[in-house]
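Every value quoted in this text rests on a predicted model; they were computed, and no experiment measured them.
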Amino acid sequence: MTLNKLTINQIKTKLADGEFSKADLEFWRDDTRQGVQTAITQFERRIEKQQAKQIAFNQRLEFEQTAWHSNMIVAGIDEVGRGPLAGPVVAAAVVLDQSFDLLAVHDSKQLSLKMRQNLDQAIKQSVVDYAFGVVSVEVIDEVNIYEASRIAMKQAVEGLAVEVDQLLIDAMTIDLPLPQEKLIKGDDRSISIGAASILAKNYRDQLMADYAELYPGYGFEKNAGYGTKEHLAGLAKYGPSPIHRRTFAPVKKYLSAN
């Protein structure tokens with residue numbers, strides 16, 4: 001079929017599928033049909049957005065690229081669960097290589113639940129290695145949440161099957177004899193830390209959903225242990241569960257009240 005006989009819908013399909021040449025695109029740009037011009041405009045906007053995503057992705061891969069240029073294996077580490085009133089703190093460690101190309105990977109806090117869940121398996125299948133660290137509420141209460149987060153991160157790194165040369169960590173350092181780059185807002189600045197934040201968030205959310213079946217009434221499946229209105233109402237009614245952090249102020253209040 002010649003180009004001048006293509007319908008508007010056929011041109012839209014070719015633009016969507018990428019089945020066209022540079023000459024085709026130039027030809028369609030001269031097409032006077034409004035529907036074709038709209039399709040071309042929408043196509044060019046999609047390309048611009050994709051290019052912007054690629055540029056942002058490349059910028060967030062600079063720390064990893066620096067390590068790779070020195071033939072170093074680098075792991076990104078992040079934790080989730082420092083703020084909740086209940087449940088463990090969870091960390092993930094992720095090792096990427098230069099084939100990793102999931103442009104949507106970002107700080108988990110900037111992604112919807114659906115996007116995080118969709119990315120979970122894609123990340124696990126695309127990375128060189130990943131591992132988790134989980135630290136219980138008992139340890140959190142014993143050593144404080146900051147130190148518990150560091151322990152979880154250390155566990156995650158030690159759980160990797162791949163031996164790494166350097167660590168990229170979100171806003172802290174851990175007790176391991178490895179070069180470490182402490183990155184403020186690291187989950188927004190490093191792809192490997194961002195990937196770790198997504199895996200850790202999904203892992204902990206599932207843990208809390210499982211706990212919700214054991215300890216109903218607090219809404220753990222929805223609030224992941226954070227102090228929502230429903231959660232606080234559950235504390236007031238039932239008192240703290242076995243997975244509540246007893247050194248956290250709101251929980252302390254209900255310990256003395258029940």
Side-chain angles (χ1 to χ4, degrees), residues 75-94 107-109 130-160 164 167-190 192-194 196-212 214-215 218-232 234-236 238-258:
I77 304 100
D78 199 11
E79 53 74 28
V80 295
R82 289 178 68 175
L85 307 180
V89 62
V90 173
V94 169
D107 169 14
S108 63
K109 295 185 290 296
Y130 67 91
F132 296 101
V134 181
V135 173
S136 69
V137 293
E138 290 81 10
V139 175
I140 292 171
D141 286 337
E142 180 182 351
V143 303
N144 74 54
I145 186 59
Y146 181 83
E147 290 302 324
S149 298
R150 296 177 71 239
I151 293 170
M153 289 181 167
K154 181 179 179 181
Q155 287 178 359
V157 175
E158 291 175 334
L160 293 169
V164 299
L167 307 178
L168 301 175
I169 309 179
D170 186 24
M172 61 176 67
T173 59
I174 58 179
D175 296 329
L176 284 174
L178 288 168
Q180 302 177 34
E181 187 136 15
K182 175 182 176 180
L183 301 177
I184 305 301
K185 296 185 178 179
D187 45 10
D188 192 38
R189 298 171 60 195
S190 159
S192 57
I193 296 179
S197 76
I198 293 169
L199 294 188
K201 173 65 174 169
N202 291 338
Y203 189 98
R204 188 178 186 280
D205 281 357
Q206 185 57 57
L207 280 180
M208 295 307 294
D210 294 340
Y211 278 129
L214 290 174
Y215 310 114
Y218 305 98
F220 291 150
E221 73 281 6
K222 292 178 285 186
N223 58 48
Y226 285 88
T228 63
K229 183 177 180 180
E230 179 184 12
H231 187 174
L232 294 177
L235 270 172
Y238 303 110
S241 74
I243 64 162
H244 274 95
R245 301 173 181 179
R246 281 153 168 73
T247 53
F248 279 43
V251 179
K252 283 183 180 179
K253 181 177 79 169
Y254 292 108
L255 279 172
S256 59
N258 286 272

Checklist outcome for this item: Closest non-hydrogen atoms of Ala86 and Arg204, given as atom of the first, atom of the second and distance, are O-NH2, 2.8 Å
Checklist entry - Distance only, no hydrogens: is a donor on one side chain within 3.5 Å (strictly under) of an acceptor on the other, for Glu230 and Thr228? => result no
Next on the checklist: Less than 4.5 Å apart, side chain to side chain, heavy atoms only: is that true for Phe248 and Ile145?
Outcome noted: yes
Next on the checklist: If we count only N and O atoms by modelled type, under 3.5 Å, do the side chains of Gln206 and Asn202 hold a donor and an acceptor together?
Outcome noted: no
Next on the checklist: Would you compute the distance between atom CE of Met208 and atom OH of Tyr226 and round it to the nearest 0.5 angstrom?
Outcome noted: 10.0 Å
Next on the checklist: How long is the straight-line distance from NZ of Lys109 back to CG of Asp187, given to the nearest 0.5 Å?
Outcome noted: 4.0 Å
Checklist entry - Between atom CD1 of Ile174 and atom NZ of Lys154, what is the distance when rounded to the nearest 0.5 Å? => result 8.0 Å
Checklist entry - What distance do Asp170 atom CG and Ile77 atom CD1 have between them, rounded to the nearest 0.5 Å? => result 10.0 Å
Checklist entry - If you measure from CD1 on Ile140 to OG1 on Thr247, what distance do you get to the nearest 0.5 Å? => result 8.0 Å
Next on the checklist: Can you confirm whether Arg82 sits close enough to Tyr146 that some side-chain heavy atom of one is under 4.5 Å from a side-chain heavy atom of the other?
Outcome noted: yes
Checklist entry - Where is the tightest heavy-atom contact between Ile169 and Gln180, given as atom of each residue plus distance? => result CD1-OE1, 3.3 Å
Checklist entry - Run the side-chain contact (heavy atoms from CB on, under 4.5 Å) check on Leu168 and Arg189 step by step: do they pass? => result CA-CA 10 Å; Leu168 301 175; Arg189 298 171 60 195; over 6 Å; no
Checklist entry - Does the side chain of Asp205 come within less than 4.5 Å of Val80's, by heavy atoms? => result no
Checklist entry - Which residue, Phe220, Tyr215, Tyr238, forms the ring pair (Phe, Tyr, Trp, His ring centres under 6.0 Å) with His231? => result Phe220
Item to check | Point-to-point distance, once rounded to the nearest 0.5 Å, from CD1 of Ile193 to CG of Leu167 | outcome: 9.5 Å
Checklist entry - What are the two closest non-hydrogen atoms of Gly81 and Arg245, and how far apart are they? => result O-NH2, 2.6 Å
Next on the checklist: Please find the pair of heavy atoms, one from Ser192 and one from Gly76, that lie closest to each other, and give the distance.
Outcome noted: OG-CA, 3.5 Å
Next on the checklist: Within the structure provided, determine whether Leu235 and Leu85 are in side-chain contact (heavy-atom separation under 4.5 Å).
Outcome noted: yes
Item to check | Contacts of type side-chain hydrogen bond (donor to acceptor under 3.5 Å, both in side chains), residue Glu221, not counting sequence neighbours | outcome: none
Next on the checklist: Tell me the closest heavy-atom pair linking Asp78 and Ser197, and the distance in Å.
Outcome noted: OD2-CB, 3.0 Å
Next on the checklist: When you compare the side chain of Arg150 with that of Glu147, does any pair of heavy atoms fall below 4.5 Å?
Outcome noted: yes
Item to check | Ring centers of His244, Tyr254 separated by less than 6.0 Å | outcome: no
Checklist outcome for this item: Tightest non-hydrogen contact, residues Leu160 and Ala75, listed as CD1-CB, 4.1 Å
Next on the checklist: What I'd like to find out is whether the side chain of Met153 reaches to under 4.5 Å of the side chain of Leu176, using heavy atoms alone.
Outcome noted: no
